[in-house]
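If you read the sequence from its start, that first residue is 1, and numbering goes on from there.
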Amino acid sequence: SKSMKPYKLFIVDDHYMIIEGIVSLLQPETEIEIVGYAQNADSCMAFLHRQQPDVIFLDINLPDKSGIEICKEIKSKYPAIKIIGLSTFNQNSYINAMLENGANGYLLKNATKQEMLQAIQTTSKNKQYLSKEVADNLKEKHQNQVLLTRREKEILKLIAEGLTSAEIGKRLFISTTTVDTHRKHLLEKLKAGNTAILIKTAVQLDLIH
């Protein structure tokens with residue numbers, strides 16, 4: 001019962017059948033307005049130049065450019081647009097690359113209508129959406145590697161709260177250098193390139209709630 005304007009959805013996929021499928025599932029939904037579709041990167045960018053949707057379903061395998069590159073491009077020009085990657089395969093490397101380039105969520109092409117709606121609603125609230133299969137897969141991949149010490153967990157939690165190394169050191173009565181060493185270990189253990197990705201991964205893995 002969303003009394004606000006419907007979410008404007010734009011679909012980018014090179015398979016017409018997929019577009020048709022998404023349209024036929026979501027067309028009846030009053031909270032969604034499908035504003036158009038594109039079958040390659042160029043026509044996608046041309047459309048966005050004229051008008052911006054709220055959400056884009058973006059196929060990550062396009063004929064003229066990888067979805068990963070387009071994702072980056074759209075996000076730098078139109079940061080407000082939520083991008084949900086669409087893919088036929090559940091591949092971690094792609095999923096991570098999409099998320100690192102600013103995607104807000106990720107759906108497999110076998111997604112149900114319910115999942116699609118959930119993805120749109122979740123990302124619109126500035127939360128990340130990962131289809132259950134994807135999330136499980138990412139979790140599994142990390143689970144076996146990520147064993148944090150109690151101290152690392154404490155520090156991770158404080159990093160997530162936005163504290164600097166100096167502030168964390170004060171709170172835990174340890175030196176800033178020690179905090180930085182722990183921080184380095186956390187980045188390595190969670191295979192994260194920076195703090196933002198560290199926190200994102202930690203949340204996905206249920207290491208912080």
Side-chain angles (χ1 to χ4, degrees), residues 7 54-56 58 60 67-68 71-87 90-108 111 115-209:
Y7 300 111
D54 299 311
V55 183
I56 297 177
L58 175 62
I60 67 173
I68 295 166
C71 183
K72 202 173 198 167
E73 200 175 320
I74 296 173
K75 276 292 180 183
S76 66
K77 286 189 177 145
Y78 314 102
I81 298 177
K82 304 294 183 218
I83 297 178
I84 297 170
L86 279 186
S87 143
N90 196 347
Q91 274 190 320
N92 287 326
S93 57
Y94 276 95
I95 298 168
N96 281 327
M98 283 293 278
L99 296 174
E100 280 167 27
N101 276 343
N104 303 90
Y106 206 87
L107 278 171
L108 296 178
E115 281 185 302
M116 288 189 227
L117 289 172
Q118 214 184 337
I120 293 169
Q121 291 157 350
T122 306
T123 54
S124 298
K125 292 186 191 120
N126 290 321
K127 290 202 183 95
Q128 194 181 61
Y129 178 86
L130 294 177
S131 71
K132 194 177 161 343
E133 251 172 283
V134 170
D136 289 347
N137 199 332
L138 278 180
K139 231 181 220 143
E140 213 165 278
K141 175 176 156 255
H142 284 279
Q143 212 96 64
N144 21 12
Q145 309 152 335
V146 182
L147 289 168
L148 301 183
T149 64
R150 210 194 52 173
R151 180 60 100 191
E152 283 169 346
K153 281 188 187 142
E154 279 180 315
I155 288 175
L156 182 59
K157 199 167 165 307
L158 296 172
I159 292 174
E161 285 169 21
L163 272 64
T164 64
S165 289
E167 291 165 334
I168 294 172
K170 275 208 190 71
R171 186 168 301 187
L172 300 177
F173 305 106
I174 52 180
S175 73
T176 308
T177 332
T178 307
V179 178
D180 283 332
T181 308
H182 285 305
R183 191 189 279 263
K184 201 171 116 264
H185 292 160
L186 284 165
L187 289 167
E188 282 163 12
K189 283 189 179 181
L190 292 173
K191 304 198 175 350
N194 60 42
T195 306
I197 295 168
L198 175 72
I199 294 168
K200 200 181 241 176
T201 310
V203 169
Q204 280 166 10
L205 299 179
D206 259 353
L207 295 169
I208 37 181
H209 317 285

Only one of I120, L107, N104 passes side chain to side chain contact (heavy atoms under 4.5 Å, CB included) with Y129; say which it is.
L107

Listed partners of K72 passing side chain to side chain donor-acceptor pair (under 3.5 Å), at least two apart
none

Check side chain to side chain contact (heavy atoms under 4.5 Å, CB included) between S165 and all other residues, then give those that pass, not counting sequence neighbours.
T176, V179, D180, R183

Quick check: are there more than 12 heavy atoms from other residues, nucleotides or ligands sitting under 6.0 Å from CZ of R171?
no

Heavy-atom pair of closest approach, residues K82 and K75
CA-NZ, 4.3 Å

Between the main-chain N or O of Y7 and the side-chain N or O of D54, is there a donor-acceptor pair closer than 3.5 Å?
no

Is there a donor-acceptor contact under 3.5 Å from the side chain of T122 to the main chain of A119?
no

Please report the shortest heavy-atom distance between C71 and G102, naming the atom on each side.
SG-C, 4.1 Å

Take R151 and I174 through the test side-chain contact (heavy atoms from CB on, under 4.5 Å) and record every step on the way to the result.
CA-CA 11 Å; R151 180 60 100 191; I174 52 180; 3.8 Å; yes

Kindly write out the residues that satisfy salt bridge (Lys or Arg N to Asp or Glu O under 4.0 Å) with E152, not counting sequence neighbours, or none if the list is empty.
K189

So CD1 of I159 and CD of E167: to nearest 0.5 Å the spacing works out to 12.0 Å

Using side chain to side chain contact (heavy atoms under 4.5 Å, CB included) as the criterion, list what pairs up with A202, not counting sequence neighbours.
L156, L190, L207, I208

How many angstroms lie between atom CD1 of I83 and atom CD1 of I60, to the nearest 0.5 angstrom?
12.5 Å

With sequence neighbours left out, write down each residue that passes side chain to side chain contact (heavy atoms under 4.5 Å, CB included) with Q128, or none if nothing qualifies.
L99, L130, K200, Q204

Hey, could you give me the CG/OH distance between L58 and Y106, rounded to the nearest 0.5 Å?
10.0 Å

Say you draw a straight line from CD1 of I56 to CD1 of I74; how long is it, rounded to the nearest 0.5 Å?
4.0 Å

Residues in side chain to side chain donor-acceptor pair (under 3.5 Å) contact with N194, at least two apart in sequence or another chain
none

Would you please name every residue forming a side chain to side chain donor-acceptor pair (under 3.5 Å) with K157, sequence neighbours left out?
E161

Going by the rule salt bridge (Lys or Arg N to Asp or Glu O under 4.0 Å), which residues pair with K170 if we only count those two or more places apart in sequence or in a different chain?
none

Just to verify, what does E115 make a salt bridge (Lys or Arg N to Asp or Glu O under 4.0 Å) with, not counting sequence neighbours?
none

Kindly write out the residues that satisfy side chain to side chain contact (heavy atoms under 4.5 Å, CB included) with A192, not counting sequence neighbours, or none if the list is empty.
L187, I197, L198

The side chain to side chain donor-acceptor pair (under 3.5 Å) partners of S175 (sequence neighbours excluded) come to T178

